Amino acid sequence: MRHARQVILPEVGEPGQTRLQGARLLVVGAGGLGSPAIMYLAGAGVGALTVVDPDVVETGNLHRQPIHAGRVGWNKAESARAFVQALDPEVFVEALTRPLTPANAPALVAGADVVLDCADSFAVSYVLSDGCLAAGVPLVSASALGMSGYCGGFCGGAPSLRAVFPDLPDRAANCATAGVLGPVVGMLGMAQAQMALAVLLGLEPSPLGQLLTMSPGLRWGGFRFGGAPEPEGGFRFIDASDIRPGDFVLDLRGEDEAPVPIHPWARRADPAAPPLPPQGARAVLACRSGLRAWRAARLLAPTHPEIVLIAAGDHH
């Protein structure tokens with residue numbers, strides 16, 4: 001009876017519901033995007049969810065993250081698990097309270113039928129896209145800010161996120177600095193759930209290779225990008241533990257932001273004027289979100305081919 005209203009759909013039926021019950025999904029981020037995505041995936045009766053989020057629920061989250069109602073102070077992944085257990089105890093939820101990193105992403109991606117990127121982080125999006133492209137796993141990624149956003153289906157036979165977004169913007173804001181209305185991020189998170197279900201059910205046209213956009217005034221748009229070529233090169237993200245002897249490491253964060261540098265031999269540097277690495281050394285550029293590192297990498301790339309990035313986040 002729990003899923004009767006969707007089982008009667010000819011696009012679902014008993015065979016489709018069986019596929020959903022056997023599916024395992026990786027959801028990275030249980031905030032504004034992940035909140036509705038997890039709620040509706042669990043409601044649809046997917047078999048298992050692995051939810052990754054190191055953050056703690058704050059009162060200022062609740063206007064756009066109703067999944068966490070009554071659980072301020074909880075870890076978000078564990079709070080999402082509690083919600084799903086109350087909604088449908090037959091949906092298994094694994095709550096991971098550590099960040100997604102380039103080190104743990106490959107194993108997490110390999111265990112999933114579909115990956116949902118709900119972290120709204122440049123670095124996480126590229127790490128997941130690279131991992132999903134290599135593993136052939138579909139990726140549903142979304143981003144929201146203010147009154148705008150997008151949701152798209154990548155990899156799994158479609159072009160990667162890098163094929164559509166080969167470069168980062170010169171500047172970036174986030175929900176804390178630019179604000180966001182709850183329903184805006186909620187609609188995009190629900191679109192992620194719908195795309196993921198469509199992939200699992202094999203609905204046509206496939207959401208893989210499709211980008212859905214939302215602009216102020218509830219103007220919806222989008223396009224298909226199935227023929228987009230994969231860009232050559234591009235800067236890759238690594239984990240701080242992957243720094244090697246001989247690397248030229250620049251920490252682009254100020255001492256007030258990060259009193260302890262990313263690595264004992266890291267040099268502090270201005271992202272607008274990074275020093276040139278020695279010939280033959282791999283350049284490792286670190287900052288909080290990855291944006292300053294990407295910007296500095298663009299300055300060094302014409303004369304230095306081997307550059308990798310670290311997004312240290314708020315947890316280092």
Side-chain angles (χ1 to χ4, degrees), residues 6 20 23 25-46 49-55 57-58 60-69 71 75-84 87-88 91 93 95-96 100 112-122 124-125 128-129 132 138-154 161 165 173-176 178-201 203 207-208 210-216 218-222:
Q6 68 189 36
L20 296 183
L25 292 91
L26 171 65
V27 182
V28 182
L33 294 166
S35 175
I38 292 165
M39 294 167 80
Y40 280 89
L41 289 171
V46 299
L49 295 167
T50 297
V51 181
V52 182
D53 200 316
D55 292 336
V57 179
E58 299 176 359
N61 300 142
L62 297 178
H63 85 287
R64 65 192 185 282
Q65 301 174 22
I67 196 172
H68 303 307
R71 289 188 288 274
N75 166 266
K76 288 184 180 180
E78 293 178 341
S79 171
R81 177 171 59 187
F83 174 91
V84 174
L87 179 70
D88 185 351
V91 178
V93 180
L96 300 183
L100 182 110
D113 296 302
V114 180
V115 174
L116 281 81
D117 166 26
C118 304
D120 217 359
S121 155
F122 293 123
V124 168
S125 295
L128 286 176
S129 179
C132 287
L139 169 68
V140 180
S141 180
S143 179
L145 192 66
M147 309 285 280
S148 304
Y150 70 82
C151 176
F154 307 91
L161 185 135
F165 303 105
N174 56 40
C175 292
V180 66
L181 271 182
V184 171
V185 72
M187 284 186 282
L188 290 165
M190 283 189 283
Q192 286 185 273
Q194 177 63 22
M195 283 191 172
L197 294 174
V199 170
L200 294 171
L201 293 169
L203 302 186
L208 300 179
Q210 177 184 0
L211 192 79
L212 176 70
T213 61
M214 186 175 67
S215 303
L218 281 180
R219 294 194 299 272
W220 293 90

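Reckoned from all heavy atoms, side chains included, excluding hydrogens, waters and symmetry mates. The structure displayed is predicted, hence computed values, not measured ones. In this chain, residues are counted from 1 in sequence order.
Between A42 and V91, the closest heavy-atom pair is O-CG2, 3.8 Å. Listed here is the closest heavy atom pair of S148 and P216: OG-CD, 3.0 Å. A23 approaches D113 most closely through the heavy-atom pair CA-OD2, 3.4 Å. Of all the heavy atoms in A69 and L62, the pair that sits closest is N-CD2, 4.2 Å. Across every non-hydrogen atom of R64 and G182, the tightest pair is CB-CA, 3.7 Å. Between A44 and L20, the shortest heavy-atom contact is O-CD1, 3.8 Å.
Evaluated for a side chain to side chain contact (heavy atoms under 4.5 Å, CB included) with V51, the options I38, L25, N75 yield exactly one hit, I38. When each of D117, L116, L208 is paired with L139, the side chain to side chain contact (heavy atoms under 4.5 Å, CB included) condition holds for D117 and for no other. Here the options are V114, V140, V46, the test is side chain to side chain contact (heavy atoms under 4.5 Å, CB included), and the partner is L197; only V46 passes. The side chain to side chain contact (heavy atoms under 4.5 Å, CB included) test with L26 singles out one residue from L96, L49, T50, and that residue is T50.
Listed for the S125 side chain is a donor-acceptor partner under 3.5 Å among the backbone atoms of S121. Checked by atom type and distance alone, the side chain of S141 never pairs as donor or acceptor with a backbone atom of G152 at under 3.5 Å.
Note: E58 CD to Q65 CD = 9.0 Å, rounded to the nearest 0.5 Å. Atom CE of M195 and atom CG of L200 lie 13.5 Å apart (nearest 0.5 Å). Atom CG of L188 is separated from atom CG of L145 by 11.0 Å, given to the nearest 0.5 angstrom.
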Could you list the donor-acceptor pairs under 3.5 angstrom formed by side chains in residues 28-37, with sequence neighbours left out?
residue	atom	partner	partner atom	Å
S35	OG	I67	N	3.3

Self-check item: Candidate pair M147 and L181, rule side-chain contact (heavy atoms from CB on, under 4.5 Å), full reasoning
Solution: CA-CA 7 Å; M147 309 285 280; L181 271 182; 3.5 Å; yes

Quiz prompt | Stepwise side-chain contact (heavy atoms from CB on, under 4.5 Å) test for W220 and L212 | solution = CA-CA 7 Å; W220 293 90; L212 176 70; 3.7 Å; yes

Exercise. Might you work through the side-chain contact (heavy atoms from CB on, under 4.5 Å) test for L211 and F165, ending with a clear yes or no?
Key: CA-CA 11 Å; L211 192 79; F165 303 105; 4.2 Å; yes

Practice problem: Please lay out, stage by stage, how C118 and Q192 fare under the test side-chain contact (heavy atoms from CB on, under 4.5 Å). | Solution: CA-CA 9 Å; C118 304; Q192 286 185 273; 3.5 Å; yes

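Side chains of K76 and R71 form no contact here, defined as non-hydrogen atoms less than 4.5 Å apart. In this structure, Y150 and M214 have side chains that are not in contact, with every pair of non-hydrogen atoms separated by 4.5 Å or more. With contacts defined as side-chain heavy-atom distances shorter than 4.5 Å, the pair Y40/Q194 does not qualify.
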